[in-house]
Each structure stands twice: as structure tokens, then as C-alpha cells.
Amino acid sequence: MKKFISIIFTLFILALLYSCTSTTDTEPSLSEDEINKKISQHLQKFTIEQKVGQMMMPEYNSVSAQEIKTYNIGSVIFGAGQHPNANHIVWANRYNNLQRAALSSPTAIPLLFGIDAVHGHNAVRGATLFPHLIGLGAANDPELMEKIGYITAKEMARTGINWNFSPSVAVVQNVQWGRTYESLGEHPELQSALTYNYVKGLQKENRLATAKHFLGDGGTNLRDNSGGPWSIDQGNVSISYEDLYDIHLPGYLEAIKADVGAIMVSYSSFQGIKMHENIELITGLLKETLEFKGIVVSDYDGIKQIPNKNYYHQLVAAVNAGIDVLMEPHTWKEAHGHIVNAVKKGDIPLERIDDAVSRILRIKYKLGLFDNPLVKIDGRPLSTEEHRLVAREAVRKSLVLLKNENNLLPLSKTSNVLLLGPGIDNLALQNGGWTVRWQGAESGDVIEGTTIREAFQEVSEGRVYTDLNDASKADVVVLVLAETPYAEGWGDNGYLDICFGLENQGSYTAHPDNLQAIEDALATRLPIVVILLAGRPMIVTDFIDDWDSFVMAWLPGSEGGLGIADCIFGDYDFTGKLPVTWPKTRFQLGETVLKENYNEKDYLFPYGYGLSYK
Ligand code: BGC
């Protein structure tokens, strides 16, 4: 109880601080008073239909330019993977075309455009792709977070897109969860340390960041015991309020301190109540206690998951709970009609609608969107050498050295290396989900970057072989194992064996070629360095004794090859530390450092583990 009171006290202090220190990086040309005046002028002129239009977020493919004008639409989402393989010029033209439609409407309110730029501007061809968040949790470097955020914002600005559905501040409590790599780690000290700087960086260049998914997304119970897809994601969080606040809130407190513009609601439930209808936590905690002044946005079609209600009542519950922007990408028109009716019938108070529209307009003014709504088309490449160097630094810092028998690493630059395994030459595996497409790129060819093979050839002065027949000419095997790309519940996996389908248990996220590659490496009788490209720990207990060195590389992104080569050949030391506990057996999955009686000896590697050369 004492702990609970101290949390409430901390929340209160933070709320006070927030109300005194709310700033943006680029000061808007209008003062807060002037913005408020403009907002009330708009509210006086808007019809109910136009107000509700501002709250709608259709998918780009599901709305026409004419509908944007007729409905006074407030924002548009570029849904993950729905617009693949286009470069920044194509994206900038899409942006300008629709923005012009909004500006030529009777209200002339500019649009917000939302996208998931969760490890760089990852849907856009030619973007700099950073390690996914789990790797940045291993790096645990606040300044680096700000740089990465800033570069992401800069690359977004080149396409016009002004609203990023990032960062996830999820605190993963179970590495079987398919969104583990979207989390900085299992202990909220990581979200506390890194979120503020990341949000500051992401919101430079007049972009808007989104802390997600409010609240408790990383703490869901198993939904079923299949261990298959969707067996964890979007489930129920059954912990106490005290634990909810202790574990899952710190990231939001930091995001709010950094003046984050938006917060996205989680698909999950808390104590059996879907977060999308949780008025106590959205309006009570977030808007009233924490005085969050930005936009609360629903998750993609999330409102439809509110149980036991028809669509009309689901929408009423969500809006009354405090949701301001409705990400109902393909049913926005129906949603619009229902909400207008609900206001007319008195099921949703007009003040609630005015609150939502005020928040949306305030953000648009703060972003300077009324002054600078269009993007200048600029043909120069999106990524720059400077951006790539930061990504390479992030890769180096994210790597965790877990084993190094007889100091096999660093390799001498003159050693001859045999590269084996599915990950040696594959940018799709290096980048994982949320890259080009929602579930990851269909092939590495659509991503610009450097593979491990290419990087080894660039950095090493010895020979780099990739054919098992050349084993006799090599001094060492570097074996690159991998998880196949996935996103969200498609990646839920109760059997995280490093080998696909081991013991008929179907570890379907392990790459199917891992087992053969492990056997090939052993057959060479050379010393073995294993590098793992994966979004989370995998069960390696039966194999690790045969490996001399073992490096966890997470999902390192476009510069993954170069960053890995930097450390393997000793130009830089390893500094990364495990942001999640590494289980010994599948029966330990779902356990974290926050569990009572956590005994680090029970695990293969505890939270915080990581070796260096020195
Ligand atoms: C995910 C969110 C994401 C949204 C928009 C949802 O499926 O849960 O994290 O921001 O889609 O793409």
C-alpha cells in the first residue's frame, strides 16, 4: 500500500512538473493563448459532422480526395505494408496530393499523416534502418536514442509524413510475445532511461511521436496454451494496479515529460476490461491525473474488439472513454455516421467531441502545420553517410557477447573466415518485421544496406568463404543463425527452440535452415563463432557447448553487417547487456527479472549479462 501511495504521489509531482514545463523543440509561431483562440473559432464554425470528421483516421487507400474535403477528415494512416517498395519521392507526392485536397476544403484544416517508423522510416525505400528497440535496450545509451530519433524525424520530414506511431514503451514480460523486439526490455528502468531522449529526437523537425500501447501491453497472460500465433498478443493483463503502475507506466511518464504529442491505446485488456473502453485509465489516469494534453489514438480497428456491443455502442464506449482519434481505417465512414448520431442522441456529450477536436487542432498548430503544410520534393537520397554511421554505431552498441571461450574473439583481420547459415547475406533477416511490409520484407533485395557477407569482405583482410567445400582453407567458422521475420501476434511462439520444428514442437519463427547450418559448422571441426539475428532469446542450451563464441545481434537493421564486423574484428569492443533474461528451457519462458524469487543462476544468461574483450 505504501508503494502504491508513493506512486500516486510521484504521478502527482510529474503532473505538476508537466504542466509547468510543457515545451516543443520548435516553438510554434503562435502563443498558447493565440492557439486557444484559434481553436475556439474553429469549434464555433465547425458543424458536428465536421468536428467528427477531424476525429477520423482512414487508411490512405480507403479515402478519396473528395471525401477528405467533404468530411473534414483530420488524419490519414499509411497502414503497415500497404504501400511497399516506393521511394521517398513517391511518398512525398502522395502526401502533397492529399494535403492539397484538405487545404482546398471549406475548413482548410491540414491533415496529419500517420505511419509506423519504428526502426527508422522503415516503410520507405532508401531509409536508414536502425536496430529494433530490443537492441537499443541492450545498448542503453540515451544520447544515441536522441540521435536515432532525430534522424528518423529528418527522414520522415523528407516525405512530409508528420505523425509517427513510435515509440513503443512496452515492457515485455514474456519473450514468447511476438512484439518482444518492439520493447526496450523486461525491466522498466530501460524505458525510464531511454524514452525521454527518444521522444525528444522523434519530435524534432516538427514531427509527432506516439507512446504506445497504453497500458500494460507487455504484460498479457497466455490467451491459450497452443503456443501458436496470437496466443499471447492482445490478451488480458491480470496484475494488480500497483504492478501495472510500477512496471508499465514509467515509459509514459518519461514520454509525457518529453511532451509526447500522442498516446496509442492497447488492444489488450486490464483486469478483463478492454483498454479501448477503459475510462478510468484513459480519462482518469492519463488525461486527468497525468494531465496529458495530446491526442489519444485508438489502435488499428481496436475499437471493434470491445466485447458484447454492436459497432455503434463500441464507438460510444471508446469516445466516452477518452479516445480522440479513431484509427478505424476501412470503416471510418460508418464510424463517422454512428458518432454524429450518438452526439445528436446525447449518447456522447458534445463537450467530449470538442475536447477531442481541440486536442487535434492544438497539435496541428504546435507542429506549425498551418504555416507549412506541404513538403518540398527533394530528389537527393534519403539516407546519408552521417545517418548510416549513427546506425552502425547503434548496431555495435546493441551487440551482446554471451560467450567467448579462449578469447576466440576478436578475430584477427587476416584470418580466413567461412561464413555459414541463413543470415549471412540477407537484409530481410537483418531487419525483421515492420520493414517494407508489416511482416517484414519478402526478400532482402528491396532493402538498401550492407549484409554480413558484404561487410566481412569490406573489413577483413583475409579470405571470406561461403562454400562449405572451402572449409579446409578457413581458420574459423562464423555461423549466422536467424529467426524469420514476423510482427505482432504472428510472432507469438511458445517454443523458441533455435531449430525449426525441433521435437515436433514447431518453433516456427526459427529459420528452417538453422539446424543444417549448425551441423555443417560442427562437421568442419573449426572453431565456431555464432551470431544470432533474432527479435528475442532462443533456446540454444543443447547446442551452445559446441560453440566457442556466441553473439546476440538482435535485428540490427540496414547497417547490421558493418556494425557486427566492427566488433568481430576488434575495431570496437562489445558493450551491450541483455535487456531480457535468457531462458535455459522452454519451461522458463515467460519469466523475467521482475518475478519474485528471480534467481539468476536458473537461467542460461541473466538480465544485464554481457561480456567484453577487456
Ligand atoms: C499495431 C500498432 C500500429 C498500428 C498502425 C497495429 O496493428 O498494434 O502498433 O501502430 O497497427 O499500423
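Throughout, numbering of the chain's residues begins at 1 and tracks the sequence. Both ligands and their constituent atoms are indexed starting at 1 by order of listing.
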Pull out every atom of ligand 1 sitting under 4.0 Å from any heavy atom of M264, numbered as shown with elements. 2 (C), 10 (O)
Tell me the protein heavy atom at minimum distance from atom 10 (O) of ligand 1, and give that distance in Å. D116 OD1, 2.6 Å
Answer yes or no for Y267: is there a heavy-atom contact with ligand 1 below 4.0 Å? yes
Give the intermediate values and the outcome of ring pair (Phe, Tyr, Trp, His ring centres under 6.0 Å) for residues F270 and Y241. CA-CA 9 Å; F270 175 62; Y241 276 91; 5.0 Å; yes
Is ligand 1 less than 4.0 angstrom away from at least one heavy atom of T210? no
State which residue, out of Y60, Y71, Y300, fulfils the ring pair (Phe, Tyr, Trp, His ring centres under 6.0 Å) condition with W332. Y71
Taken in chain and number order and not counting sequence neighbours, the residues that satisfy salt bridge (charged side-chain N to carboxylate O under 4.0 Å, His left out) with D355 are K287, R352, R359
Before signing off on this row, confirm whether E488 and ligand 1 have an N or O atom pair separated by under 3.5 Å. yes
Would you call the rings of W91 and H83 parallel, tilted or perpendicular, taking 30° and 60° as the class edges? perpendicular
Identify, for atom 4 (C) of ligand 1, the protein heavy atom at the shortest distance, and state residue, atom and that distance. D299 OD1, 3.2 Å
Any L208 side-chain heavy atom under 4.5 Å of Q203 side chain: yes
Taking N or O atoms only and a 3.5 Å limit, does K212 qualify as a polar contact for ligand 1? yes
Sequence neighbours excluded, which residues qualify as side chain to side chain contact (heavy atoms under 4.5 Å, CB included) partners of P250? P188, S192
Please confirm whether Y300 comes within less than 3.5 Å of ligand 1 when only nitrogen or oxygen atoms on both sides are compared. no
Give a yes or no on whether W490 atom CH2 has more than 12 heavy-atom contacts from other residues, nucleotides or ligands under 6.0 Å away. no
Sub-4.0 Å heavy-atom approach of R179 to ligand 1: yes
Contact between ligand 1 and H213 is defined here as a heavy atom of the residue under 4.0 Å from a ligand atom; is it met? yes
